[in-house]
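A quick write-up on the structure given underneath.
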Amino acid sequence: MRRLALERLALNFILPALVLYLAFYLIVLSSIPYKYLFGAFILGFTLISYYTLFRRIKLLLDRILMNIKELPSSGSVSPIGIPELDDSIREINEYINRFKEENKLYTRLFQSIQEGVIVVNKNREVLRINPTGLKLLNIENDKNLEGRPLIEAIWNYTLDEMTERSIATGDVLSKEVTFDYLDSRIMDTLVSPMFNEKGEIRGAIIVFTDVTEKKRLEKVRQDFISNISHELKTPLTSIKAMVEVLLEGGAEDAKLRRDFLENINQEVDRLSKLVSDLLLLSRLESDREFLNPVLTDFVALVTRTVSRFQPRAMKEGITLTLDIEEEIPPLKVDVNYIDQVISNLIDNAIKYTPSGGKVEVKVEDNEKTVKVSVKDTGIGIAKEDLPRIFERFYRGEKSRNLSLGGIGLGLSIVKHIVEAHGGKVGVESEIGKGSTFYFTLPKEGQRKAS
């Protein structure tokens, strides 16, 4: 195509110029009459022709420049009228269309990435941030961050320092970054330098994901292993010590032998209950089909459970009352599991309430749900312990005295049973002023809606 264009240029421009120049030269050197007049005519014709030609070329260039200026909005180049140029323009349009499609694809990929992504230039100014990044950083979608310094757009010095170091050294850096303004949420962050075609660093790409929940679960798992080890080791150590004493001659003392055997029996019961609770909790967490709900007279169920604890409450010098505010409809529940929930809450209330205190069980109708609360005047629970009180093995140092014999699984079991019924659990407490544990259960017909 280039060769054809050169040939056309030679035919349309260079060759006529040579012919006219040669004619002008021959006429001026000849002896014909009026040779200067003919020469001037030829020269004038040549100048007029080339002026017209150059004007046409200028108009074509103006059209090309206009095309280039309109390219960002139109997305294509219009034909010029010269076959060679029009062929090149068609190729340009093909490249443009291909670029637009690839750009759309990259934009869709950028927006659909589940991790947060931030692109910055060499000066650490934000170029782009994807929707996931805006959501993770709690930034409004309509907030324009482009062109703003990273430290100004995202108030985190650790992230800014990582980005600066990556751009300066070309290293890929990774670190768990804590965002204080996001309630200390933890982001697993990777900062990678961004290179141009010459291998020069032109900026950085920051990829991050929220690992706060993952870190919390790791902490729970570590606490669980630590707690279960302690709960198993303590009774086993005690049993081993008593058995060793008996084997070394202590069995000959009848009273000592009986006391040790009773203690061993108690420790074995404790281990047996621990294992049973662990198996039950494992089942509750892994199987949502364990319930056998039937339409039940809920008032009768609660009354029966409370009555069973009356002798123990009287023995401990505690007043145990039941208050049913309104007419409570029958509920579809698993009788055995709900009885276990109520029993656990009453047992805890009596256990942590000193003699002379009160425990009040209350049943309320809350339109779509039925609420059961167990209020005591006991030792209470510290404010910092409340968010974790339903976790496995969790016992606050001030609110849960190990000498009272709890192993920290009861409330976790309560939570799983209630949630399996479609309800919710909660607690309100203050040190020295008692605690109120409560749970709600959906009424019949509200279960699917909830």
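Model, not experiment: these values are computed from the prediction. Side chains are part of it too, since the values below use all heavy atoms of this structure and drop only hydrogens, waters and symmetry mates.
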Is a side-chain N or O of Ser192 found less than 3.5 angstrom from the main chain of Ile205, in a donor-acceptor match?
no

Over 60° means perpendicular and under 30° means parallel, so tell me whether Phe390 and Phe437 are parallel, tilted or perpendicular.
perpendicular

CG-NZ distance between Asn366 and Lys368, expressed to the nearest 0.5 angstrom
12.0 Å

For Thr234 and Arg270: C-alpha separation, side-chain torsions, deciding distance, then whether side-chain hydrogen bond (donor to acceptor under 3.5 Å, both in side chains) applies.
CA-CA 11 Å; Thr234 301; Arg270 182 182 175 188; 5.6 Å; no

Any Lys/Arg nitrogen of Asp347 or Arg312 sitting under 4.0 Å from an Asp/Glu carboxylate oxygen of the other?
yes

Taking C-beta and beyond as the side chain, do Ile338 and Thr305 meet within less than 4.5 Å on heavy atoms?
no

Test: Glu325 and Lys362 ion pair at under 4.0 Å
yes

How about Glu327: does its CD atom have over 12 heavy atoms from other parts shown lying under 6.0 Å from it?
no

Does the Asp180 side chain pair with the main chain of Ser184, one donor and one acceptor, at a distance under 3.5 Å?
no

Counting distance only, does the side-chain N/O of Ser238 pair as donor-acceptor with the main-chain N or O of Leu236 below 3.5 Å?
no

Would you please test Ile151 and Arg124 for side chain to side chain contact (heavy atoms under 4.5 Å, CB included) and show each step?
CA-CA 8 Å; Ile151 187 61; Arg124 305 198 309 283; over 6 Å; no

Ignoring hydrogens and geometry, is there a side-chain-to-backbone donor-acceptor pair from Thr440 to Lys424 under 3.5 Å?
yes

Among Val299, Val306, Leu301, exactly one meets side-chain contact (heavy atoms from CB on, under 4.5 Å) together with Thr303. Which residue is that?
Val299

Would you call Glu176 and Lys215 a salt bridge, taking side-chain N to carboxylate O under 4.0 Å as the test?
yes

Going by an N to O cut-off under 4.0 Å, is there a salt bridge joining Arg165 and Glu161?
no

Flag side-chain contact, heavy atom, 4.5 Å: Leu320 against Val361:
yes

Is there a donor-acceptor contact under 3.5 Å from the side chain of His421 to the main chain of Asp334?
yes

Counting only N and O atoms by type, is there a donor-acceptor contact under 3.5 Å from the side chain of Lys443 to the main-chain atoms of Glu367?
yes

Where the side chain of Asn263 meets the backbone of Asp259, is there a donor-acceptor pair that is under 3.5 Å apart?
yes

Measuring from Ile239:CD1 to Asn265:CG, what's the distance to the nearest 0.5 Å?
9.5 Å

CZ of Phe309 to CD1 of Ile342, rounded to nearest 0.5 Å, is 10.0 Å

Show your working on side chain to side chain contact (heavy atoms under 4.5 Å, CB included) between Val117 and Thr132 and close with a plain yes or no.
CA-CA 8 Å; Val117 180; Thr132 304; over 6 Å; no

Is any side-chain heavy atom of Asp339 less than 4.5 Å from a side-chain heavy atom of Arg308?
yes

When rounded to the nearest 0.5 angstrom, what distance separates NZ in Lys371 from CG in Leu441?
12.5 Å

Check whether any side-chain N or O of Asn130 sits under 3.5 Å from a backbone N or O of Glu115 as a donor-acceptor pair, and report yes or no.
yes

Any sub-3.5 Å donor-acceptor pair from Asp210's side-chain atoms to Thr212's backbone N or O?
yes

Does any non-hydrogen side-chain atom of Ser174 lie less than 4.5 Å from one of Leu190?
yes

Has Asn156 got a side-chain atom pairing as donor or acceptor with Thr178's backbone, closer than 3.5 angstrom?
yes

Using 0.5 Å steps for rounding, measure from the OG1 atom of Thr209 to the CD1 atom of Ile186.
12.0 Å

Do Leu331 and Val370 make a side-chain contact, defined as non-hydrogen atoms from C-beta onward lying under 4.5 Å apart?
yes

Quick one: OG on Ser435 to NZ on Lys375, what's the gap to the nearest 0.5 Å?
11.0 Å

